[in-house]
Protein chains: 2
Amino acid sequence: MKPNSHIKIIIVDDHDLLREGISARLSDVGYIEIIAEGCNGQEAVTLCKQFKPDVLLMDISMPVMNGLEAAKQIMQLGINTRILFLSIYDDNEYIQEALRIGASGFVLKDVSKPEMLNAIKSVAEGATYLGPKVAASLQSSSGVHGETECTYGLTKREKQVLALIAEGHLNKEIAYRLNISIRTVESHRSAIRDKTGGGNAAALAKIARELRL
Amino acid sequence: MKPNSHIKIIIVDDHDLLREGISARLSDVGYIEIIAEGCNGQEAVTLCKQFKPDVLLMDISMPVMNGLEAAKQIMQLGINTRILFLSIYDDNEYIQEALRIGASGFVLKDVSKPEMLNAIKSVAEGATYLGPKVAASLQSSSGVHGETECTYGLTKREKQVLALIAEGHLNKEIAYRLNISIRTVESHRSAIRDKTGGGNAAALAKIARELRL
DNA sequence: ACAGAGTTCAGTAGTAATACGGATATACGC
DNA sequence: GCGTATATCCGTATTACTACTGAACTCTGT
């Protein structure tokens with residue numbers, strides 16, 4: 001994507017009114033060209049195959065085929081189209097799934113015009129753009145600010161031991177690594193089980209994974 | 001962050017030359033104001049506490065205190081500063097860790113001027129911005145396209161058993177669930193260990209996680 | 001100086017998992 | 001039909017882990 005060159009866009013949304021609103025908003029922007037419009041995921045796939053746009057601006061919840069499924073298929077077309085989702089929901093599941101599939105951006109429908117242009121430019125350049133509310137929503141869930149605080153009241157040492165357990169180390173190895181006795185490791189392990197309610201090593205590994213240790 | 005208002009920035013990087021380059025690049029942009037500069041993470045924390053910038057543009061690898069550690073501390077200051085990392089490395093570990101901590105963006109040092117401005121504007125608005133190469137690097141690792149297909153030649157039944165092990169179930173429980181004898185579960189478990197090279201239950205849980213079972 | 005939390009270590013007993021060995025039945029391809 | 005892979009089961013012995021109880025030492029805060 002060369003700077004200042006045209007950005008070819010396809011808009012896909014099942015609400016006519018919203019599609020017209022977006023068109024109106026983008027039509028007077030010099031570097032943006034709306035080359036097609038569609039109203040469901042199936043059309044999105046067909047239109048992308050045909051027109052190979054730079055950016056696909058698409059809703060998620062749509063009839064016939066939803067945006068996520070459409071995105072999956074479009075990603076496999078091997079074309080250089082960036083997908084920017086436009087949704088009313090700042091639902092974490094959606095956002096994460098969208099990013100996992102390979103979407104380049106996600107903004108909510110209450111987005112301002114400058115922000116929308118910012119987002120379009122960003123994804124057209126190949127960057128990833130998540131709108132303010134989207135980013136906030138994403139962070140609130142995945143325990144971003146410092147600690148998750150669902151650590152079951154584990155102490156530093158216990159977390160340390162738990163991390164090593166989750167790595168698959170034996171008590172013997174953990175003891176060696178931390179320069180403590182096996183009995184101490186067993187004590188910690190016992191405390192960890194008490195606090196977390198975890199059972200065997202695999203269960204503890206699962207908990208460690210949830211705690212991101 | 002109101003639109004079109006000033007964006008107050010602090011730049012932190014241990015290389016004088018690079019810092020000067022950034023300053024030069026941003027100094028003639030009307031809506032950007034560089035209010036301070038620093039050369040390590042410790043200074044970043046102090047300067048943010050003092051000046052409460054809108055955006056902190058910071059390197060990761062720096063002496064005294066690195067950018068990630070500094071970011072952690074800054075996130076806990078309770079101020080409204082967005083952190084935009086600027087790194088030479090598109091290392092996945094760094095990027096993911098940065099986002100986990102709560103950074104708002106990540107661009108590489110070969111970023112063009114318009115892209116840099118785009119990134120700064122985006123994060124100032126509260127959005128998340130990942131540069132093109134950063135986004136590409138992030139997606140390549142996290143198994144985005146379809147399946148991993150590194151199943152070590154495990155059979156269906158073995159995968160089934162492995163999934164239950166990873167959930168933390170005892171052999172006894174697995175036997176009950178699958179309506180087979182404990183000895184059979186042990187056989188499968190043994191086969192799984194042989195094929196994967198996994199050791200104890202936690203190690204198998206780790207492998208299962210990598211295989212997404 | 002004291003209480004409390006955290007880390008450290010030990011004994012004793014029981015349960016779960018692992019490391020060897022083997023065995024039978026069933027399906028699938030050649 | 002024959003070989004191979006898969007899935008099913010058993011015996012024995014060893015190792016790893018769990019459950020319970022008790023105790024010493026270091027810090028931190030009052």
Side-chain angles (χ1 to χ4, degrees), chain A residues 143 146-213, chain B residues 69 72-73 76 147-213:
Chain A
E147 311 305 310
T148 319
E149 297 309 347
C150 305
T151 58
Y152 301 97
L154 292 175
T155 65
K156 285 178 203 167
R157 200 59 156 172
E158 285 160 359
K159 285 185 203 166
Q160 212 172 351
V161 172
L162 179 53
L164 289 168
I165 292 172
E167 282 296 308
H169 295 290
L170 302 177
N171 283 345
K172 202 196 302 178
E173 298 166 350
I174 297 172
Y176 176 76
R177 281 224 197 185
L178 301 180
N179 266 304
I180 54 180
S181 142
I182 292 191
R183 312 311 299 272
T184 306
V185 179
E186 285 173 351
S187 286
H188 288 313
R189 198 162 178 151
S190 176
I192 293 167
R193 267 196 305 277
D194 286 348
K195 289 180 181 175
T196 62
N200 66 17
L204 293 180
K206 190 185 169 194
I207 290 166
R209 191 187 343 161
E210 287 164 4
L211 261 45
R212 288 178 192 73
L213 291 176
Chain B
E69 182 54 36
K72 269 187 216 169
Q73 297 190 16
Q76 289 173 347
E147 312 305 310
T148 318
E149 294 309 343
C150 304
T151 58
Y152 301 96
L154 292 175
T155 67
K156 283 178 205 167
R157 202 57 159 171
E158 285 160 357
K159 284 184 204 168
Q160 213 172 350
V161 172
L162 179 53
L164 289 169
I165 292 172
E167 282 296 309
H169 295 291
L170 300 177
N171 283 345
K172 203 194 302 178
E173 298 166 349
I174 297 172
Y176 177 76
R177 282 225 197 186
L178 300 180
N179 266 305
I180 54 180
S181 139
I182 292 189
R183 315 310 299 271
T184 307
V185 179
E186 285 172 351
S187 287
H188 287 313
R189 198 162 177 151
S190 176
I192 293 167
R193 266 195 307 275
D194 286 348
K195 289 180 182 177
T196 62
N200 67 16
L204 292 180
K206 189 186 170 193
I207 290 165
R209 190 188 343 163
E210 284 163 5
L211 261 47
R212 285 179 196 74
L213 292 176

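Here the structure is a predicted model, which is why all the values come from computation and not from measurement. Per chain, numbering begins at 1; letters A, B, ... match sequence-line order.
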To the nearest 0.5 Å, tell me how far B/H169 NE2 sits from B/L178 CG.
10.0 Å
Distance check, rounded to the nearest 0.5 Å: B/R183 atom CZ versus B/N171 atom CG?
10.5 Å
In whole angstroms, how far is the P atom of C/dT15 from the CD1 atom of B/I182?
13 Å
State which of D/dC17, C/dA16, D/dT8 makes the closest approach to the side chain of B/S187.
D/dT8
Tested for side-chain contact (heavy atoms from CB on, under 4.5 Å) against B/K159, the lone hit among B/L164, B/I192, B/L154 is B/L154
Would you say that B/K156 contacts B/V161 through its side chain, given a criterion of any heavy-atom pair below 4.5 Å between the two side chains?
no
In whole Å, I'd like the distance from the NE2 atom of B/H169 to the C1' atom of C/dA17.
17 Å
Nucleotide D/dC17, atom C1' - distance to CD of A/E173 in whole Å
14 Å
Could I get a table of every N or O pair under 3.5 Å where one atom is in the protein and the other is in nucleotides 3-7 of chain D?
{"residue": "D/dA7", "atom": "OP1", "partner": "B/R157", "partner atom": "N", "Å": "3.3"}
{"residue": "D/dA7", "atom": "OP2", "partner": "B/T155", "partner atom": "OG1", "Å": "2.4"}

Counting only side-chain N and O atoms of B/S190, is one of them less than 4.0 Å from OP1 or OP2 of C/dA19?
no
Can you check the A/R189 CZ to C/dT8 P distance for me, whole Å?
16 Å
Side chains of A/K206 and A/E210: closer than 4.5 Å at any heavy-atom pair?
yes
side-chain contact (heavy atoms from CB on, under 4.5 Å) with B/N200: which residues, sequence neighbours excluded?
A/L170, B/A202, B/A203
Along DNA chain C (nearest heavy atom to each residue), the more 5'-positioned of B/K172 and A/L178
A/L178
Axis-to-axis angle across the helix from C/dA1-D/dT30 to C/dC30-D/dG1, five pairs an end, to 10 degrees?
60°
Would you say B/N200 reaches D/dC17's phosphate, i.e. side-chain N/O to OP1/OP2 under 4.0 Å?
yes
Can you measure from CD1 (A/I165) to NE2 (A/H188) and round to the nearest 0.5 angstrom?
10.0 Å
Give the nucleotide from the list C/dA16, D/dT18, C/dT18 with an atom nearest to the side chain of B/E186.
C/dT18
Gap between atoms CZ and P, on B/R193 and D/dA16 respectively (whole Å):
13 Å
What is the distance, to the nearest angstrom, from the CD1 atom on B/I165 to the P atom on C/dA17?
9 Å
Interatomic distance where CG belongs to B/L204 and C1' belongs to D/dC17 [whole Å]:
15 Å
Just checking A/A191: base, sugar-phosphate only, or nothing, at a heavy-atom cut-off of under 4.0 Å?
nothing
When rounded to the nearest 0.5 Å, the distance separating CG of A/L204 from CZ of A/R189 is 6.0 Å
Working to the nearest 0.5 angstrom, can you tell me the gap between A/E158 CD and A/S187 OG?
10.0 Å
Any side-chain heavy atom of B/D194 within less than 4.5 Å of one from B/S190?
yes
Check: A/R183 side chain, C/dT12 base, donor-acceptor under 3.5 Å
yes
Would you mind reading off the distance between B/N171 atom CG and D/dC17 atom C1', rounded to a whole angstrom?
13 Å
